[in-house]
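Single-structure report; data block below.
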Protein chains: 2
Amino acid sequence: MSSIADAPLTDVPLADLSASGRIVRAALTRFAQHGVARATVRDIAGDAGVSAALVIHHFGSKEQLRLECDRRVVAFVQAKERTSAARALDAAFAHYGAYAARMLAEDSPESRRLFDELLGVSRAAVADGEKVGSLRGSSDPDAQAVALLMLGLAPFAFTANLTHWAGTDAETAMTRLAVPIAEIYTAGLMTDPAVLEAARDAQGARE
Amino acid sequence: MSSIADAPLTDVPLADLSASGRIVRAALTRFAQHGVARATVRDIAGDAGVSAALVIHHFGSKEQLRLECDRRVVAFVQAKERTSAARALDAAFAHYGAYAARMLAEDSPESRRLFDELLGVSRAAVADGEKVGSLRGSSDPDAQAVALLMLGLAPFAFTANLTHWAGTDAETAMTRLAVPIAEIYTAGLMTDPAVLEAARDAQGARE
DNA sequence: CAGAATACTGAACATGAGTTCAATTGCTGA
DNA sequence: TCAGCAATTGAACTCATGTTCAGTATTCTG
């Protein structure tokens with residue numbers, strides 16, 4: 001059941017990691033926090049306690065390091081998926097939500113690959129949930145899976161402003177935000193079904 | 001009622017705009033599509049049909065051009081706010097959703113300023129909605145306003161993958177995604193209120 | 001109409017960042 | 001032990017990009 005990919009890299013103590021492990025860990029954090037463009041190889045190397053040249057030596061290029069990060073996330077999710085899709089999605093959000101949110105905001109084949117992977121998990125979670133009765137079915141389950149994924153990633157995309165708003169750390173802010181989101185997920189937000197009809201009409205008119 | 005800020009810059013024909021107007025328009029688009037770091041002054045200048053030097057001449061620096069974009073969005077929202085907060089928020093999403101999503105993903109004082117502005121509108125929309133009865137009240141209205149803002153921006157943060165998924169243009173993809181989101185907003189997604197209790201417990205344990 | 005101010009440009013400059021490279025250190029297996 | 005291989009580094013190189021600058025065209029104004 002438990003493989004190497006089960007343990008999210010960010011939870012392993014720094015000293016226990018090899019140089020390349022520390023580099024990937026640092027990259028995951030920097031990419032998540034500042035985005036790929038603003039995260040420099042030198043910064044990542046500094047966090048990992050190595051030289052910039054070593055980063056290139058091990059991974060070939062910044063872009064390939066990014067791909068390695070993608071691979072770690074995918075491996076982690078696939079390992080978790082053996083328990084249940086819903087758990088895998090939750091775990092992916094909890095450990096790599098910020099990274100995934102940054103990556104999926106980009107427009108590249110690699111971004112699309114990660115998206116497809118996560119969407120697969122979300123689809124399975126939606127299908128399972130409806131079968132078990134824990135999720136309400138949708139007239140468009142595939143779009144529902146996309147919604148579940150994107151709404152789930154939203155707080156991570158805006159973490160900086162979230163913590164600014166809460167005036168504390170990211171985790172506390174996330175916990176506070178989780179309440180109204182859970183309210184919406186369990187009871188809805190709008191009382192008038194007109195907005196749903198409007199959305200269905202717009203969708204109907206377009207196909 | 002109608003001021004200059006009412007018309008979103010992106011809807012004005014290119015030929016009708018002055019050079020600086022075209023620059024701001026191009027900047028709004030480039031910043032929204034590729035993010036500030038990846039949008040180059042030369043690209044923006046090219047889109048606007050001017051030289052890179054002119055961009056600097058008019059705005060001083062790339063950063064100040066970004067601030068001007070922020071100002072345009074804020075002015076637009078404030079103008080729309082005179083009708084209703086809900087309309088202002090909808091209009092802001094429709095016209096500047098992609099730009100706002102990119103900006104609010106960053107961690108800077110400017111990002112926080114824009115966030116506070118939009119959060120104010122969201123707060124007002126939540127208050128109005130509850131008063132009129134169109135929105136269900138929350139145990140934490142302020143967090144609810146944050147949720148409304150972030151969930152509303154989510155599709156714009158991931159537009160590229162959204163269109164990839166739908167296999168069409170962004171607008172069609174957004175329309176399709178709007179259906180399950182409207183379902184969630186009107187009827188909820190989960191049948192078991194346990195997740196709400198869990199969120200409330202976690203929140204309660206933290207304060 | 002003249003001149004001043006403004007709009008505008010191409011070329012050059014400075015710098016930050018990804019990458020290369022030659023050299024050094026440390027380890028490992030015959 | 002030692003030869004060879006992997007790990008590691010500092011310095012140099014290259015290139016993209018924000019910005020400056022000197023000069024030209026355009027537009028406003030008295």
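Per chain, numbering begins at 1; letters A, B, ... match sequence-line order.
In this structure, the side chain of B/Lys62 engages the main chain of B/Val36 through a donor-acceptor pair within 3.5 Å. Without hydrogens or angle criteria, B/Asn161 side chain to A/Leu104 main chain gives a donor-acceptor distance under 3.5 Å.
Regarding B/Phe59, its CZ atom lies at a distance of 16 Å from the P atom of C/dT6, rounded to whole Å. For the pair A/His58 NE2 and C/dG18 P, the interatomic distance rounds to 18 Å; values are reported in whole Å. In this structure, NZ of A/Lys62 is placed 4 Å from P of C/dG18, rounded to the nearest angstrom. One interatomic measurement links the two molecules: CD1 of A/Ile44 to C1' of C/dG18, which rounds to 11 Å at whole-angstrom precision. Summarising the geometry, the separation between CG on A/Asp43 and P on C/dT19 is reported as 15 Å, rounded to the nearest angstrom.
In this structure, CG on B/Leu54 lies 12.5 Å from CD1 on B/Ile44, to the nearest 0.5 angstrom.
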Checklist line | A/Thr175/B/Gln203 under side-chain hydrogen bond (donor to acceptor under 3.5 Å, both in side chains): CA gap, chis, key distance, verdict | finding: CA-CA 6 Å; A/Thr175 310; B/Gln203 163 65 13; 5.7 Å; no
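Counting non-hydrogen atoms under 4.0 angstrom, A/Thr40 reaches the backbone sugars and phosphates but no base. Nucleic acid contact for B/Ala39: sugar-phosphate only, since backbone atoms but no base atoms lie under 4.0 Å from a heavy atom of the residue. Using a 4.0 Å heavy-atom cutoff across all strands shown, A/His57 reaches at least one base atom of the nucleic acid.
A salt bridge links B/Asp142 to B/Arg123: at least one charged side-chain nitrogen sits closer than 4.0 Å to a carboxylate oxygen. Comment: A/Glu106 engages A/Arg66 in a salt bridge, judged by a side-chain N to carboxylate O separation of less than 4.0 angstrom.
The span of DNA chain D lying next to chain B, judged by atoms under 4.0 Å from heavy atoms, is bounded 5' to 3' by D/dT17 to D/dC21.
Of the candidates C/dT19, C/dT9, C/dT20, the closest approach to any side-chain atom of A/Arg42 belongs to C/dT19.
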